[in-house]
Amino acid sequence: MERTLTAQLPQRVGERVRLLGWVHHIRQLGSISFLLLRDRTGLCQAVTAEPERFKLNQIQRESIVELLGRVKPEPQARQGVELELEELKILITPVAPLPFEVNRSRKKLNLKLDMLLDHRAFSLRNPEFGAVFRVQAEIVNTFREFLRQAGFLEVHTSKIIAAGTEGGTALFPIQYFEQKAYLAQSPQFYKQMLVGAGYERVFEVGFVYRAEDHATSRHINEYLSLDYEMGFIQSFRDVTRLENQLLKVMVEKLKNNCAAELEILGARLPEVGEIPELHFRDARAILKKDYGRNTEGMIDLDPEAERQLCDYAGKVYNSEFIFITHYPRKTRPFYTMWDPDDPEYTFGFDLLFRGLEVTTGSQRIHDYNMLVENIRRFGLQPENYDFYLEIFKYAVPPHGGLAIGAERLTQQFLGLANVREASLFPRDRFRLTP
RNA sequence: GGGCCCGUAGUGUAGCCUGGUUUAACACGUCGCCCUGUCACGGCGAAGAUCGCCAGUUCAAAUCUGGUCGGGCCCGCCA
């Protein structure tokens, strides 16, 4: 008999079906007993008045079983249907005690993050932890679909590189035969080069690596970067407007395709209207005036400032997102275009969402001479960037782009306390397994 | 790199300040018995911990001190 999935049961009322899955829970109430079966589509309840016949009290949780039975409507059951158990076959049983209960709510389990991650594959059986990555898949899928429709080409650039992108953050060195190489901290150079290659609009979904020695709830050393880069822009606002649109579509998609996951996670989606933007200079003034911050010499936003500006966006614009634009030149990498009318500031921006930076982007410098000059001004040697600079000699259009941290975006959509919960197998300062 | 904090049954916690009535407690899980409609089922009972590790102080250490190993959070930096 063909396998039926638990989610299909409401359409199979009256039929005899065969189910496969894990034993999520067994509840024996004397002579009536329930077995909750879990498969990739969800849970269903099998019922029997003969627990002895199926030796229910001998079945270990998380065993894999095959159930045969008839689907009957039952208003008291969760999905309105349940399986009248006729046959039960135990296919595979656990050979060790379970590390923790997987059939409870996250709150009830109250697991330490370390326990959760040490037993990652097992913890994902919990419908709540598992739901995080169904949502993340939808986020990534929407990113792809949306950009394809907007005329972007999906590209895959090398994660093994010869020189660092921006100088700033630490790189992981690797041995590449007889040469020294590094893991890419960003596809930045390559996506710009591909704009110049004539594709004009490219995007990439890929891991990037940062050897930063930090330990916070928002950092991991390998993260999924959602990048796009677009040519022939008139201003950096072409880039931010597109992200605004993307987020609008994303929230709609999540609403439609992940309703069950969002519900079990207790997540509330944001309303995405027109995302307000704030010049860095104005942001600083607000921090000083409304939040009593000492903003003297402030050239970047610390996490507290990011939370405060989101608080401000909520109060003044009724928005959970806010673009902070025109970051000072000192804090932005050499390829960032500055504002010719206000050259202390750049056309670089961040998107803050519920108190956390989830995107960085900018308009880039597209003029060859300007770029070389700026590399020198940063104390770097243009020769080291020849592979990147070459295409700029042959005319690259005005362009800009951004990068979204997929785990951070997932974290903020779902209200997760730690970004590691939004990474399947996170790599942090001390964790290299599983 | 700087600061703060935590390691107690399979899991999550209490006890630690103020050392001794503690046979180390509670909840979930596990095992056994009871219960026709549960869905965090319920009831009764049982097993399960040399209190991360090492050393010190003391008549006495889960409790105080030092070291060590493991972990968490915040900051710098970043997505």
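Sequence lines set the chain letters: A, B, ... in the order given, protein chains first and strands last, and positions in each chain run from 1.
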Nucleotide of [options] approaching [X] most closely (side-chain heavy atoms):
X      : options             : answer
A:R408 : B:G37, B:G10, B:A79 : B:A79
A:T360 : B:A79, B:C78, B:C75 : B:A79
A:D114 : B:G37, B:G71, B:C75 : B:G71
A:S217 : B:U11, B:C73, B:G37 : B:C73
A:Y223 : B:A79, B:C73, B:U38 : B:A79
A:H219 : B:G12, B:A79, B:C39 : B:A79
A:F430 : B:G12, B:A79, B:G71 : B:G71

So [X], base contact, sugar-phosphate only, or nothing? Heavy-atom distance under 4.0 Å.
X      : answer
A:N110 : sugar-phosphate
A:P97  : nothing
A:E407 : nothing
A:L29  : base
A:D350 : nothing
A:A406 : nothing
A:Q411 : nothing
A:S31  : base
A:E82  : base

d([atom1], [X]; [atom2], [N]) in whole Å:
X      : N     : atom1 : atom2 : result
A:F207 : B:C78 : CZ    : P     : 22 Å
A:H24  : B:G29 : NE2   : C1'   : 14 Å
A:R429 : B:G1  : CZ    : C1'   : 11 Å
A:L301 : B:C77 : CG    : P     : 10 Å
A:R431 : B:G72 : CZ    : P     : 7 Å
A:E421 : B:C73 : CD    : C1'   : 14 Å
A:L116 : B:G71 : CG    : P     : 15 Å
A:L409 : B:A79 : CG    : P     : 14 Å

Any strand counts, and the cut-off is 3.5 Å on both contacts for Watson-Crick or G-U wobble. Which nucleotide pairs with [N]?
N     : result
B:G37 : none
B:G7  : B:C69
B:C26 : B:G12
B:G20 : B:C59
B:C44 : B:G32
B:G1  : B:C75

Taking the same atom, [atom1], in [N] and in [M], what whole-Å distance lies between them?
N     : M     : atom1 : value
B:G48 : B:C69 : P     : 34 Å
B:G42 : B:A27 : P     : 12 Å
B:U63 : B:U50 : P     : 15 Å
B:C41 : B:C34 : C1'   : 14 Å
B:G43 : B:G12 : C1'   : 24 Å
B:A47 : B:G7  : P     : 28 Å
B:C64 : B:C26 : P     : 23 Å
B:A62 : B:G15 : C1'   : 8 Å

[N] OP1/OP2 closer than 4.0 Å to side-chain N/O of [X]:
X      : N     : result
A:R420 : B:C73 : yes
A:R210 : B:A79 : yes
A:R307 : B:C75 : yes
A:R218 : B:C75 : yes
A:T216 : B:C78 : no
A:H25  : B:C41 : yes
A:R104 : B:C28 : no
A:K112 : B:U13 : yes

Does A:Q76 get its side chain close enough to the base of B:U38, under 3.5 Å, for a donor-acceptor pair?
->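 Side chain to base: no pair present.
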Just checking [X]: does its [atom1] atom have more than 12 heavy atoms from other residues, nucleotides or ligands closer to it than 6.0 angstrom?
X      : atom1 : answer
A:E15  : CD    : yes
A:Q11  : CD    : yes
A:K255 : NZ    : yes

Does the side chain of A:N374 come under 3.5 Å of the side chain of A:Y335 through a donor N or O and an acceptor N or O?
->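 Checked: A:N374/A:Y335 side chains show no N/O donor-acceptor pair below 3.5 Å.
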Side-chain donor-acceptor pair present, A:H24, A:N103, cut-off under 3.5 Å =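 No.
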Go through A:T410 and A:F133 one step at a time and tell me if the side chain to side chain contact (heavy atoms under 4.5 Å, CB included) criterion holds.
-> CA-CA 9 Å; A:T410 309; A:F133 299 94; over 6 Å; no
Go through the steps to decide whether A:V65 and A:L37 satisfy the test side chain to side chain contact (heavy atoms under 4.5 Å, CB included), and finish with yes or no.
-> CA-CA 8 Å; A:V65 294; A:L37 185 81; 3.4 Å; yes
Answer yes or no for A:R364 and A:W338: cation-pi contact, defined as NZ/CZ to six-membered ring centre under 6.0 Å and angle to ring axis within 45°.
->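 Not satisfied by the 6.0 Å and 45° rule.
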Taking NZ, NE, NH1 and NH2 as the nitrogens, is one of them in A:R307 or A:E304 under 4.0 Å from a carboxylate oxygen of the other?
->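 So A:R307 does not pair with A:E304 through a salt bridge.
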Find out whether A:D39 and A:W22 are in side-chain contact, i.e. whether some heavy atom of one side chain is under 4.5 Å from a heavy atom of the other.
->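 With C-beta onward as the side chain, the pair stays apart.
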A:N221 vs A:R78, nearer the 5' end of RNA chain B by closest nucleotide =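 Taking each residue's closest nucleotide, the earlier one in sequence belongs to A:R78.
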Assign each of A:V47 and A:L111 to its nearest nucleotide of RNA chain B by heavy atoms, then name whichever residue's nucleotide is nearer the 5' end.
->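 Nearer the 5' end of the strand: A:L111.
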Does A:F34 stack onto the base of B:G37, taking stacking as ring centres under 5.5 Å apart and planes under 30° apart?
->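 Ring-base stacking flag not set for A:F34 and B:G37.
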